[in-house]
Amino acid sequence: MAGQYRSRVSGIGSYLPEKVLTNHDLEKMVETSDQWIIERTGIERRHITPEGQATSDLALEASRRALADSKLNPEDIDMIIVGTVTSDRQMPSTACYLQSKLGCRNIVSFDLNAACSGFIYGLSIADQFIRTGMYKNILVVGAEVLHRFVNYKDRETCILFGDGAGAWILSRANEGDNQVIHSSHMHADGNLAELLTLPGGGSLVPPSQAVLDSNMQYVSMKGREIFKNAVRAMAQCCQEALEANNTAPEQVDWIVPHQANKRIIEAVADQFKFPMEKVIVYLQETGNTSSASIPLAFDWAVQTGKIKRGQTILLTAFGAGLTSGSILLRY
Ligand code: ACO
């Protein structure tokens, strides 16, 4: 019956390309230092996709790992959602390429653009389709090849971003199973859209030589403003998740926040007096991988024995838009 079902996380996986770009490498490219980057962001290195590979290739690796973890086959998947701002092409969607590469049935497959909140938005949408009883197994992916949209002459942005992918499979939970997604909350404040954009190449400013000459094909960001709004938005979303579930911060085992900047994460944790020992921080290895950052950090935390089955986890993100969101779940 519609509205009777709950979703559980039946499998997770992630993928980082092998090639690494360290802070020391960046010191040779722009006027910056390893010390400045670590102090201001916490980032030490980021991973870079080799030429010839695209977002769907990273998504494929992460999805195969999630499928193996869930013990499901590609033909069991009923829907694919890919959160990305760096799709293989403007059209068709990366999700369609992924569907073909994985060998799924002709299931509904689409991309969603909520920038760094893309994975939270994707999980929330998947959760609704499972709750209504429409689908049983949904593949949600966050995948980005951001380094191709970053200007390596702009020290304020090029130090931040990296490539990677993460995938989860949400499946219909058995009756009585309490390892489920409890709630999801999503927001967007379009009044703050201009704080973080990729200004050229869309319908407003179509591709042209002038776009290339003025570097409008690269990410443009007002860092300080983003910082302030990120802390406010993620703290609000966490509060909303806790209140909706009548849960105190002490009852949460781990927060897995979007991995943009360690200082942003510390400021959010501080608002709840949440100890940093219970916050997953993986950005030292990845930089900001936008929609891939939460599933990458989560997978790493599971692999390293931090997050365990049965624990209560709070996910939260913010991104260009400005979008934001939170999910409370028992893993
Ligand atoms: N190396 C050395 N110096 C630098 C660098 C760099 N890479 N970048 C900036 N500086 C300089 C600035 O020019 C400035 O110099 P000035 O004082 O002479 O003017 C000084 O360092 C301080 O600059 P601020 O911008 O005030 O530095 P801040 O502490 O705010 O850190 C940062 C900058 C890291 C960008 C921070 O604002 C931030 O993390 N903002 C949020 C960014 C973010 O999360 N973006 C993505 C969000 S959404 C998504 O994930 C897609």
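Please read all numbers here as calculations on a predicted model, not as lab measurements. Every number for a ligand or one of its atoms is a count from 1 in the order of the listing. Numbering starts at 1 and runs along the sequence shown.
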Looking at atom 22 (C) of ligand 1, what's its closest protein heavy atom, distance included? R40 NH1, 3.6 Å
Is there a donor in the side chain of R224 and an acceptor in the side chain of N229, or the other way round, less than 3.5 Å apart? no
Is the shortest distance from a Lys or Arg side-chain nitrogen in R45 or D25 to a carboxylate oxygen in the other one below 4.0 Å? no
Residue, atom name and distance, where the atom is the protein heavy atom closest to atom 48 (S) of ligand 1: L196 CD2, 3.2 Å
Within 45 degrees of the ring normal and closer than 6.0 Å to the centroid, is that where the cationic atom of K308 sits relative to W254? no
Output yes when a protein non-hydrogen atom is found under 4.0 Å of atom 51 (C) of ligand 1, and no otherwise. yes
Protein heavy-atom partner closest to atom 42 (C) of ligand 1 - residue, atom, separation in Å: M221 SD, 3.7 Å
Could you give me the CA-CA distance, side-chain angles and deciding distance for S324 and H187, then say whether side chain to side chain donor-acceptor pair (under 3.5 Å) is met? CA-CA 5 Å; S324 56; H187 297 283; 5.6 Å; no
For ligand 1, find out whether one of its N or O atoms is nearer than 3.5 Å to an N or O atom of T32. yes
Heavy atoms, side chains only, cut-off 4.5 Å: are P249 and L242 in contact? yes
Measure from atom 31 (O) of ligand 1 to the protein's non-hydrogen atoms and state whether any distance is below 4.0 Å. yes
Check this for me, if you would: do R6 and D127 make a salt bridge, where the nitrogen-to-carboxylate-oxygen distance has to be below 4.0 angstrom? no
As an exercise, identify every atom of ligand 1 less than 4.0 angstrom from a heavy atom of H258. 49 (C), 50 (O)
What residue and atom, counting heavy atoms only, is the protein's closest point to atom 46 (C) of ligand 1, and at what distance? N288 ND2, 3.5 Å
Looking only at protein heavy atoms, identify the closest one to atom 21 (O) of ligand 1 and say how far it is in Å. W36 CZ2, 3.3 Å
Atoms of ligand 1, numbered as shown, that sit under 4.0 Å from any heavy atom of T41: 34 (C)
Is the shortest heavy-atom distance from the side chain of V252 to the side chain of F272 under 4.5 Å? no
Is it the case that ligand 1 has an N or O less than 3.5 angstrom from some N or O of S290? no
For atom 13 (O) of ligand 1, what's the nearest protein heavy atom and its distance? R155 NH2, 3.0 Å
Can you list the atoms of ligand 1 that are under 4.0 Å from a heavy atom of F318? 44 (O), 47 (C), 48 (S)
Between N23 and E27, is any side-chain donor less than 3.5 angstrom from a side-chain acceptor? no
Taking side chain as C-beta onward, heavy atoms only, is L123 less than 4.5 Å from L329? no
For V281, is there any backbone N or O sitting under 3.5 Å from a side-chain donor or acceptor partner on K262? no
Shortest protein heavy-atom distance from atom 44 (O) of ligand 1, along with the residue and atom involved: A260 CB, 3.4 Å
Geometric cation-pi criterion, R309 with Y331: 6.0 Å, 45°: yes
Residue, atom and distance of the protein heavy atom nearest atom 43 (C) of ligand 1 read I226 CG2, 3.7 Å
Atom indices of ligand 1, in the order listed, that fall short of 4.0 Å to a heavy atom of R263: 28 (P), 29 (O), 31 (O)
With no hydrogens and no angle check, do the side chains of T289 and E144 hold a donor and an acceptor under 3.5 Å apart? no
Looking at atom 38 (C) of ligand 1, is any protein heavy atom nearer than 4.0 Å to it? yes
Has ligand 1 got any nitrogen or oxygen that is less than 3.5 angstrom from a nitrogen or oxygen of G223? yes
If we set the cut-off at 4.0 Å for heavy atoms, which region of C116 has an atom near ligand 1: side chain, backbone, both, or neither? side chain
Compute the shortest N/O to N/O distance between R224 and ligand 1 and return yes if it is under 3.5 Å, no if not. yes
Once you restrict to heavy atoms under 4.0 Å, what part of V30 touches ligand 1? Side chain, backbone, both or neither. neither
Using the ring of each side chain (for Trp, its six-membered ring), is H147 parallel, tilted or perpendicular to Y152, with breaks at 30° and 60°? tilted
Return a yes/no value: protein heavy atom under 4.0 Å from atom 17 (O) of ligand 1? no
